[in-house]
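Side-chain atoms are counted along with the backbone in the values below, which use heavy atoms only and exclude waters and symmetry mates.
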Amino acid sequence: MDTVLLLKAAIMGVVEGLTEFLPISSTGHLILAGSLLGFDDAKAKVFDIAIQTGAIFAVILVYWQRIHATLVQLPSQRQAQRFALNVLIGFFPAVVLGLLFGRAIKEHLFTPVVVASTFIVGGFIILWAERRQQVAVRIQSVDDMGPLDALKVGLVQCLAMVPGTSRSGATIIGGMLLGLSRKAATDYSFFLAIPTLIGAGAYSLYKERALLSAADIPLFAVGLVFSFLSAWLCVRWLLRYISSHSFVPFAYYRIAFGLVVLATAWSGLVTWAD
């Protein structure tokens with residue numbers, strides 16, 4: 001395996017892990033990083049989705065006690081059953097809309113200019129949402145959520161099918177606008193990511209299996225490992241951060257980064273691959 005290619009895989013893994021759970025769009029960053037690295041062919045697109053599984057393993061590790069307790073209590077405890085049902089309800093809209101529109105979105109919207117534009121729009125939405133946080137919080141914990149709350153957040157998550165939107169940003173900010181506390185929205189976003197990203201990764205690998213071979217195993221393994229390590233650090237940091245901070249800095253980052261990408265694209269300073 002080419003050492004340079006493995007280095008690119010490691011960089012992409014770090015980008016995935018650091019951005020997956022922040023409201024700044026991992027898919028958008030992967031598209032931009034892949035464009036700069038020349039790592040953007042058909043196999044690279046499968047790689048981008050597959051290495052999300054490494055980030056999800058980090059979430060499973062951080063939340064292992066809750067996940068284990070839920071699995072043990074699932075046959076007999078109503079609270080565990082309600083929690084699991086809410087995760088499945090939130091997951092369902094992404095499955096349906098992903099199967100219906102996923103291919104069309106990938107063909108037409110996975111471009112650096114689209115990503116930059118949604119970065120900017122998403123940044124302004126976060127600023128607006130944070131200023132609206134005087135709205136009464138109805139739900140302090142994920143255990144207080146009802147099926148309708150889960151469905152609403154699941155529908156909001158579908159906005160992240162547009163690259164640059166951010167799955168975590170859509171679910172966390174959307175959850176806050178729907179009356180969830182910052183902590184409840186963040187926790188639910190993490191739990192919802194488990195079936196969503198594992199399902200997306202498995203489906204992508206199965207659908208594009210003809211592109212892959214045993215020789216690709218080191219490439220994917222490097223991406224998964226670096227994605228896991230960087231995501232583990234990021235998730236632990238984010239859970240501490242949200243206890244006393246807002247998402248406003250991420251909004252300004254999105255706007256500034258999006259403007260830089262658009263400016264470099266229009267000026268010809270950087271040739272972003274489509």
Side-chain angles (χ1 to χ4, degrees), residues 1-52 54-55 102-130 159-170 173 204 211 219-220 222-223 226-227 229-231 233-234 237-238 246-274:
M1 178 65 69
D2 185 353
T3 303
V4 173
L5 191 58
L6 292 179
L7 179 59
K8 290 180 180 180
I11 293 172
M12 297 292 280
V14 171
V15 170
E16 159 62 25
L18 292 180
T19 58
E20 180 61 56
F21 302 108
L22 300 179
I24 57 175
S25 178
S26 63
T27 300
H29 280 80
L30 288 171
I31 290 172
L32 296 175
S35 179
L36 287 174
L37 294 172
F39 190 72
D40 54 3
D41 58 8
K43 185 179 294 186
K45 288 179 171 58
V46 179
F47 173 89
D48 290 350
I49 297 174
I51 62 171
Q52 293 174 340
R103 180 178 294 275
I105 289 173
K106 286 182 181 179
E107 289 177 355
H108 300 292
L109 298 182
F110 272 52
T111 68
V113 172
V114 169
V115 169
S117 301
T118 49
F119 271 2
I120 295 168
V121 172
F124 282 112
I125 290 174
I126 291 174
L127 291 176
W128 172 73
E130 285 288 2
L159 295 174
M161 292 175 65
V162 179
T165 300
S166 171
R167 190 208 63 82
S168 58
I173 301 301
S204 180
L211 289 173
L219 178 74
F220 280 73
V222 168
F226 278 88
S227 173
L229 292 174
S230 54
L233 293 172
C234 186
W237 172 82
L238 183 61
S246 74
F247 292 112
V248 168
F250 297 110
Y252 288 126
Y253 167 80
R254 289 179 63 109
I255 294 168
F257 192 25
L259 289 172
V260 168
V261 173
L262 289 180
T264 55
W266 287 336
S267 67
L269 186 62
V270 177
T271 302
W272 299 98
D274 289 336

Query - Closest non-hydrogen atom pair between Thr27 and Pro163, with its separation - result: CG2-CB, 4.1 Å
Report summary line: Output for pair (Leu238 CG, Leu18 CG), nearest 0.5 Å, gives 12.0 Å
Report summary line: For Asp40 and Lys45, the nearest pair of non-hydrogen atoms, with its separation, is O-NZ, 3.0 Å
Requested in this report: Determine, step by step, whether Leu127 and Val248 satisfy the side chain to side chain contact (heavy atoms under 4.5 Å, CB included) criterion, reporting the C-alpha distance in whole Å, the side-chain angles of both residues, the deciding distance to 0.1 Å, and the verdict.
Outcome: CA-CA 6 Å; Leu127 291 176; Val248 168; 3.8 Å; yes
Report summary line: Closest heavy-atom pair, Gly28 versus Val115, reported as atoms and distance to 0.1 Å, is CA-CG1, 3.5 Å
Query raised in the report: Looking only at heavy atoms, which two atoms of Ser26 and Gln52 are closest? And how far apart?
Result: OG-NE2, 4.5 Å
Requested in this report: Would you give the length of the straight line joining atom CD1 of Ile173 to atom CD of Glu130, rounded to the nearest 0.5 angstrom?
Outcome: 5.5 Å
Query - Nearest heavy-atom neighbours spanning Cys234 and Gly17 - result: CB-O, 3.9 Å
Do any side-chain atoms of residues 249-264 form donor-acceptor pairs under 3.5 angstrom with protein atoms, and if so which ones, sequence neighbours left out?
| unit_1 | atom_1 | unit_2 | atom_2 | d |
| --- | --- | --- | --- | --- |
| Tyr253 | OH | His29 | NE2 | 2.8 |
| Arg254 | NE | Phe119 | O | 3.1 |
| Arg254 | NH1 | Pro23 | O | 3.0 |
| Arg254 | NH1 | Thr165 | O | 3.2 |
| Arg254 | NH2 | Thr118 | O | 2.9 |
| Arg254 | NH2 | Gly164 | O | 2.6 |
| Thr264 | OG1 | Val260 | O | 2.9 |
| Thr264 | OG1 | Val261 | O | 2.9 |
| Thr264 | OG1 | Trp272 | NE1 | 3.0 |

Query raised in the report: Is any side-chain heavy atom of Ser168 closer than 4.5 Å to a side-chain heavy atom of Thr19?
Result: no
Requested in this report: Taking Ser227 for its side chain and Ile51 for its backbone only, find out whether a donor-acceptor pair lies under 3.5 Å.
Outcome: yes
Report task. Using modelled atom types only, decide if a donor and an acceptor are shared between the side chain of Ser117 and the backbone of Val113 within a distance under 3.5 Å. Result -> yes
Report task. Using a 4.5 Å cut-off on heavy atoms from C-beta on, say whether the side chain of Asp48 contacts that of Glu16. Result -> no
**Report entry** Close side-chain approach of Ser166 to Ile24, heavy-atom, < 4.5 Å
**Finding:** no
Requested in this report: Find the distance between CG (Leu7) and CZ (Phe226) and round it off to the nearest 0.5 Å.
Outcome: 8.5 Å
Query raised in the report: Shortest non-hydrogen contact from Phe21 to Ala231?
Result: CE1-CB, 4.1 Å
Query raised in the report: Would a 4.5 Å heavy-atom cut-off, applied to side chains only, mark Leu229 and Leu233 as touching?
Result: no
**Report entry** Distance, nearest 0.5 Å, that separates CG of Leu109 from CE of Met161
**Finding:** 9.5 Å
Report summary line: Residues passing the ring pair (Phe, Tyr, Trp, His ring centres under 6.0 Å) test with Phe47, sequence neighbours excluded, are Phe39, Phe220
